[in-house]
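Worth saying up front: this structure is predicted, and the values here are computed from it rather than measured. Every heavy atom of this structure was used, including side-chain atoms; hydrogens, water molecules and symmetry mates were not. Below, read A as the first sequence line, B as the second, and so on, with proteins coming before strands; counting in each chain starts at 1.
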Amino acid sequence: MTAAGVPAVAFEGVTRRFGDVLAVDDVSFSIADGEFFSMLGPSGSGKTTCLRLVAGFEQPGSGHIRIHGVNVEGVPPYRRDVNTVFQDYALFPHMTVGGNIEYGLMIRKVPAAERRRRAEEMLALVKLDGLYARKPGQLSGGQRQRVALARALINQPRVLLLDEPLGALDLKLREAMQAELKAIQRQVGITFVYVTHDQGEALSMSDRLAVFNRGRIEQIGSPAEVYDHPATPFVAGFVGQTNLLEGYLAQRLGGFPATYAVRPERIRIVAPDADVPSGFASIDGKVASVTYLGANSRVEVDADGGMLAVVEQNVDGGASVAGRVPGAVVRLVVDRRHIQAVSASR
Amino acid sequence: MPSDRHGPRAGWGLKAATAGGVLFLHLPLLIIVLYAFSIEERSFAFPIPGFTTQWFGVAWEREDVRRALWLSVKVGAISMLVALVLGTLAAAAVWRSRFFGREAISLLLILPIALPGIITGISLRSAIGLLDIPFSTWTLVIGHATFCIVVVYNNVLARFRRTSRALIEASMDLGADGFQTLRHVILPSIATALLAGGMLAFALSFDEVIVTTFTAGQQATLPIWMLSELIRPRQRPVTNVVAVFVICVTFIPIIAAFWLTRDAQDTAGALK
């Protein structure tokens with residue numbers, strides 16, 4: 001083991017261009033050993049390129065990448081102590097599930113009996129017992145995903161890279177796999193670097209996450225930090241839903257002509273003549289539309305100076321939205337601590 | 001109802017036309033097979049005067065038949081190997097990398113087979129003559145390899161295009177270097193395409209006449225020998241016996257190649 005404090009992965013001013021496109025633009029960050037770290041961003045934001053830089057499929061144009069303190073410049077993928085779970089799984093179609101999982105051990109000339117034993121262990125870990133002799137073509141998407149995970153984990157890498165591993169699965173399966181991936185990560189204690197464009201996934205699984213936009217990192221922090229204190233309008237809009245306040249609304253609710261972000265579920269709707277508690281900001285308006293979403297409802301309010309979205313929990317079922325009809329006059333109150341100043345995107 | 005899924009049933013007219021077409025294509029083959037058993041040695045008399053299997057023995061005993069057969073097998077096998085190596089390398093290059101002239105490669109490779117054989121043949125003969133290479137088995141191999149490469153190239157490239165590039169990255173990621181990736185991932189992925197391409201290449205080489213005529217020295221491959229037998233007949237049924245043999249030899253690899261790639265629609269352009 002390395003001494004505590006040496007990051008599992010460190011980027012130091014890394015830049016990668018493809019032709020005229022700056023895919024990764026002077027990025028610096030580090031990932032702690034044993035951390036579940038997500039790289040979140042829209043497609044083309046540079047997150048996958050960063051992952052491929054760690055794996056060794058891409059080389060940085062400038063800057064350095066260290067894996068456990070070692071500069072990996074020029075080190076080919078097959079000599080790096082990291083493994084990847086690919087987006088489309090990339091299972092070898094001509095091999096059985098067992099053959100796929102044992103591939104890394106076979107290359108390292110581990111005896112067949114031990115390979116078999118460890119492959120069965122891995123199959124148990126990913127809950128695929130008994131599928132050793134199947135071919136990848138006979139498996140469902142979720143099962144293939146698990147084989148890909150087992151094939152990477154059997155090599156006991158110090159860092160596991162996951163490139164949108166749940167992207168091809170349907171919603172129910174994806175949610176189940178999120179919990180399972182997180183559990184497996186705690187069990188094996190390996191650093192997971194997880195690339196996704198799904199903010200829900202990143203929030204629910206990560207110890208920390210980095211929000212990528214146009215080749216740069218907009219913000220790094222724990223899910224709660226990033227959600228509660230988005231650093232930029234981009235982060236506020238990409239991670240969760242948000243009301244961006246500008247102009248009059250910003251002046252009225254925030255107190256300064258800056259840009260603020262307020263989460264829709266932090267705004268409360270009260271009677272038009274209700275008192276405003278101390279420490280709260282308020283604004284009056286009319287209900288413009290109500291969308292019933294089951295667990296909650298989304299109410300658009302036409303306030304002085306612009307539209308504000310409010311999300312209300314339907315704690316009383318359908319009756320919760322009984323008084324929310326378009327045209328109703330309401331007062332909105334929001335705790336000033338939840339009105340978050342955001343700087344302009346870099 | 002099955003007929004609903006497969007469209008309306010064919011009318012009798014269409015059936016008769018189909019039968020006529022098949023007969024037109026294959027009746028001549030039947031005649032060849034039939035007269036391999038004729039007791040008449042000089043001509044194609046009809047009806048056949050009588051049946052015998054003696055010509056099979058006679059053909060087997062004749063030194064010129066054996067020599068021609070052996071040369072054809074040898075040239076076919078070596079051309080196939082050359083085509084397998086060069087065709088696969090060309091396909092891999094076109095699949096994996098971008099370079100100047102990449103789009104032109106397919107056209108250039110297909111030219112020897114797309115151009116009339118007489119053009120390919122005469123240009124090869126001029127080139128071989130210019131370079132002062134003595135005509136031999138090897139000039140034959142060069143001639144045949146030129147049109148065999150494209151067969152392998154097309155088959156392998158089609159397979160490559162259905163193969164995910166991520167497989168190579170996955171292999172490298174799991175610790176395999178380039179050679180190990182070639183051996184454990186790439187070759188198994190294209191194995192049946194290589195087999196199919198190789199067999200088609202062999203079949204093409206085995207019955208080639210025109211390019212062979214221009215690139216052979218004093219030697220005769222099986223097709224050349226047959227041509228000369230037709231001009232100066234001596235024991236005519238022996239030629240038919242050899243023809244029957246060639247039909248069989250050519251059929252086996254073509255059927256096998258068809259069977260191996262039957263779930264692949266995109267090996268077109270493999271045959272003339």
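Contacts from residues 50-58 of chain A to chain B, taken as heavy-atom pairs separated by less than 4.5 Å, involve A:R52, A:A55, A:F57 in sequence order.
For A:P93, the part lying near chain B is the side chain, with the backbone staying farther off; criterion is any non-hydrogen pair under 4.5 Å. At a 4.5 Å heavy-atom cutoff, A:L161 makes no contact with chain B through either its backbone or its side chain. With a 4.5 angstrom heavy-atom cutoff, B:S171 touches chain A via backbone and side-chain atoms both. Both the backbone and the side chain of A:N83 come within less than 4.5 Å of a heavy atom in chain B.
For B:D173 (side chain) and A:Y78 (main-chain N/O), no donor-acceptor pair under 3.5 Å exists by modelled atom type.
By the neighbour-count criterion of 12 heavy atoms within 6.0 Å, atom CZ of A:R108 is densely surrounded, having more than that number from other residues, nucleotides or ligands. Atom CH2 of B:W95 sits in a crowded spot, with more than 12 heavy atoms from other residues, nucleotides or ligands closer than 6.0 Å. For B:R165, the CZ atom counts as densely surrounded, since its 6.0 Å shell holds more than 12 non-hydrogen atoms of other residues, nucleotides or ligands. Under a cut-off of 6.0 angstrom, the local environment of CZ in B:F179 is sparse, with at most 12 non-hydrogen atoms contributed by other residues, nucleotides or ligands.
Closest non-hydrogen pair, A:Y103 versus B:A176, comes out as OH-CB, 3.7 Å.
Between the CD atom of B:E169 and the CG atom of A:D163 there is a distance of 9.5 Å, given to the nearest 0.5 Å. Atom CZ in A:F86 sits 9.0 Å away from atom CG in B:L167 (nearest 0.5 Å).
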- Task: Could you please spell out the steps behind the side chain to side chain contact (heavy atoms under 4.5 Å, CB included) verdict for A:F92 and B:V185?
- Result: CA-CA 7 Å; A:F92 305 124; B:V185 174; 3.6 Å; yes
- Task: Kindly determine whether A:I107 and B:L174 satisfy side chain to side chain contact (heavy atoms under 4.5 Å, CB included), including the steps that lead there.
- Result: CA-CA 8 Å; A:I107 293 296; B:L174 292 164; 5.9 Å; no
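Residues meeting the side chain to side chain contact (heavy atoms under 4.5 Å, CB included) test with A:R208, sequence neighbours left out: A:E35, A:F37, A:I220.
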For residues 143-151 of chain A, which side-chain donor-acceptor pairs fall under 3.5 Å, sequence neighbours excluded?
| from | atom 1 | to | atom 2 | distance (Å) |
| --- | --- | --- | --- | --- |
| A:Q143 | OE1 | A:S140 | N | 2.9 |
| A:Q143 | OE1 | A:S140 | OG | 3.4 |
| A:R144 | NE | A:P136 | O | 3.3 |
| A:R144 | NE | A:L139 | O | 3.3 |
| A:R144 | NH2 | A:L139 | O | 3.2 |
| A:R146 | NH1 | A:V126 | O | 2.9 |
| A:R146 | NH1 | A:E180 | OE2 | 2.8 |
| A:R146 | NH2 | A:E180 | OE1 | 3.1 |
| A:R151 | NH1 | A:A90 | O | 3.0 |
| A:R151 | NH1 | A:N100 | OD1 | 3.4 |
| A:R151 | NH2 | A:Y89 | O | 3.1 |
| A:R151 | NH2 | A:A90 | O | 3.0 |

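At least one side-chain heavy atom of B:S189 sits less than 4.5 Å from a side-chain heavy atom of A:H94.
Listed by first and then second residue, the side chain to side chain donor-acceptor pair (under 3.5 Å) pairs involving residues 96-116 of chain B are B:S106-B:Y153 (not counting sequence neighbours).
The choice from A:Q87, A:M106, A:R80 that makes the most heavy-atom pairs within less than 4.5 Å of chain B is A:M106.
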